[in-house]
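Notes to accompany the following structure.
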Amino acid sequence: MNPLTACQKEYQKLLRRWRQPSNRYIPRCSADGSYAQVQCAGGVCFCVSSQGIEIPGTKTVNSARQPNCTHPGNLHYLNYIYIYLRPNL
């Protein structure tokens with residue numbers, strides 16, 4: 001049995017805490033256990049990094065309109081890449 005990923009651990013912890021999630025944030029995990037690229041809570045959706053951290057400027061207020069995580073096309077996203085990912089490039 002494989003150990004739980006960070007997403008799976010957070011999912012289980014929050015699911016136990018809130019038992020009835022309603023519109024509270026509980027992460028969605030991909031099949032491989034990583035954070036799904038788009039996360040939603042209460043009609044608000046946003047893109048996250050591979051560590052599950054919200055990418056600024058990607059939030060949408062209508063869950064029917066998913067954010068574009070590949071090409072958000074805004075300065076906030078570019079700032080995120082520069083600040084958080086630059087040390088890894």
Just one of I55, V48, V38, T58 clears the side chain to side chain contact (heavy atoms under 4.5 Å, CB included) bar with C69, so which one?
-> V38
Shortest non-hydrogen contact from [X] toward [Y]:
X: Y25; Y: C40; result: CD1-O, 4.1 Å
X: T5; Y: G33; result: OG1-O, 2.5 Å
X: K59; Y: F46; result: CA-CB, 4.0 Å

Separation between CD1 of I26 and CG of L14, rounded to the nearest 0.5 Å = 6.0 Å
Gap separating the CD atom of Q8 from the CG atom of D32, nearest 0.5 angstrom | 8.5 Å
Q39 side chain to R28 main-chain N or O, any donor-acceptor pair under 3.5 Å?
-> yes
Would you say S49's side chain and Q51's backbone share a donor-acceptor pair under 3.5 angstrom?
->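 Judged by distance alone, yes, a pair lies under 3.5 Å.
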Beyond-backbone contact of S30 with Q37, side-chain heavy atoms, under 4.5 angstrom |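 Contact flag for S30/Q37 side chains = no.
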